[in-house]
Amino acid sequence: MSFVTRGFRRRNTADADPGRVPPGQYVTTEFPVLSAGPTPRIDREGWRFTVTDSAGSETTWSWDEFRALPHESVTVDIHCVTKWTKLDTAWEGVSLDTLLEGAAGHGKYALFSSYGGYTTNLPLADITGGRAWVVSGYGGEPLAPEHGGPARLLVPHLYFWKSAKWVNAVSLSEVARRGFWESYGYHDYGDPWQEQRYQGD
């Protein structure tokens with residue numbers, strides 16, 4: 001995979017509430033595009049999202065079935081490991097609490113997978129309790145492919161690499177498994193308030 005990015009403009013962080021900007025971050029009004037590879041073009045008719053619980057049972061939604069689930073509107077700040085922060089981002093999506101309701105065995109950890117091969121790992125506690133969503137809308141519009149559309153993971157309290165683009169599956173387990181960037185030395189957890197960018201931080 002190659003690393004893809006686009007330029008963006010900074011905003012004076014002094015203009016923002018310091019209680020909303022983690023240490024080492026600066027604020028941007030742009031929405032930078034950063035990806036670990038090319039942007040896949042995913043046909044909504046062929047899109048699927050699958051939950052595999054720790055017992056190995058699977059539940060799968062088509063696009064229409066996913067869109068029929070209860071949706072929530074959430075406005076959150078997001079923080080990238082490359083040190084930009086974007087405030088008051090507005091999303092629409094389905095809570096992971098809803099998607100995991102039928103899972104017989106949850107386990108303690110989750111590994112998310114995406115179209116294109118990307119993966120990222122998260123503790124189950126960080127994607128439940130109203131803390132994470134699979135989102136398909138941004139700013140009142142369908143989520144653009146370069147930002148992870150048709151649907152991406154949103155886990156705003158952690159660095160944004162944890163919010164996997166083009167998400168299509170989550171597998172639950174009792175054992176933690178590292179994802180793509182974690183295997184290359186990024187932090188297993190990624191708390192922006194603790195500056196957990198790399199293993200050992």
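All values below come from the heavy atoms of this structure, side chains included, with hydrogens, waters and symmetry mates left out. A quick note: this is a predicted structure, and the numbers were derived from the prediction, not measured.
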### Query
Without hydrogens or angle criteria, can the side chains of E182 and W161 be said to hold a donor-acceptor pair below 3.5 Å?
yes

### Test item: D97 side-chain N/O and G130 main-chain N/O as donor-acceptor pair under 3.5 Å
yes

### Query
Do F180 and L111 belong together in a cluster built from hydrophobic side chains that touch within less than 4.5 Å?
no

### Task
Would you give the length of the straight line joining atom CG of N168 to atom OG1 of T60, rounded to the nearest 0.5 angstrom?
10.0 Å

### Message
Is the ring pair F31/W91 parallel, tilted or perpendicular, if the boundaries are 30 and 60 degrees?
### Response
perpendicular

### Query
Hey, any chance V81 and W193 share a hydrophobic cluster, counting ILVMFWY side chains that come within less than 4.5 Å of each other, even indirectly?
no

### Query
Does the pair E195/K83 count as a salt bridge with the N-to-O cut at 4.0 Å?
no

### Task
Measure the spacing between OH of Y109 and CG of N121 and express it to the nearest 0.5 Å.
9.5 Å

### Query
Given side chains that start at C-beta, do those of D88 and D77 come closer than 4.5 Å, heavy atoms only?
yes

### Message
For the backbone of L69 and the side chain of H71, can you confirm whether one donor and one acceptor N or O come within less than 3.5 Å of each other?
### Response
yes

### Task
Look up atom OG1 in T128 and atom CD in E101, then write down how far apart they are to the nearest 0.5 Å.
12.0 Å

### Candidates E92, R152, R67 - the one meeting side-chain hydrogen bond (donor to acceptor under 3.5 Å, both in side chains) with S136
R67

### Query
How close do T85 and Q25 get, heavy atom to heavy atom, and via which atoms?
OG1-NE2, 3.2 Å

### Query
Cluster question for you: counting only ILVMFWY and a side-chain heavy-atom cut-off of under 4.5 Å, with indirect links fine, are F66 and L153 together?
yes

### Query
So, for P156 and H79, which heavy atoms are closest and what is the spacing to 0.1 Å?
O-CD2, 4.0 Å

### Task
Quick one: closest heavy-atom pair of A132 and I127, and the distance?
CB-CA, 3.6 Å

### Query
Does W181 reach the side chain of T120, with side-chain heavy atoms less than 4.5 Å apart?
no

### Query
Of the non-hydrogen atoms in T82 and Y26, which two are nearest, and what is the gap between them?
O-OH, 4.0 Å

### Message
Within this structure, what is the CZ-OG1 distance for the pair F160 and T89, rounded to the nearest 0.5 Å?
### Response
6.5 Å

### Message
I'd like to know whether the aromatic ring centres of Y186 and Y159 sit less than 6.0 Å apart in this structure.
### Response
no

### Message
Within the 4.5 Å heavy-atom criterion, are Y115 and R48 side-chain neighbours or not?
### Response
yes

### Message
Give me the atom names and distance for the closest heavy-atom approach of L143 to P150.
### Response
CB-O, 4.2 Å

### Query
With a 4.5 Å limit on heavy-atom distance, are the side chains of W166 and T39 in contact?
yes

### Task
Using a 4.5 Å cut-off on heavy atoms from C-beta on, say whether the side chain of L87 contacts that of D17.
no

### Summary
Output for pair (L158 CG, H187 NE2), nearest 0.5 Å, gives 10.5 Å

### Task
Grab the two heavy atoms, one from S95 and one from E72, that are nearest each other, plus how far apart they are.
CB-OE2, 3.6 Å

### Message
Are S163 and I78 packed together at the side-chain level, in the sense that at least one heavy-atom pair is separated by less than 4.5 angstrom?
### Response
no

### Message
With a 4.5 Å cut-off on side-chain heavy atoms, are L100 and L124 touching?
### Response
yes

### Task
With the side chain counted from C-beta on, respond yes when R131 and V155 share a heavy-atom pair under 4.5 Å apart, and no when they do not.
no

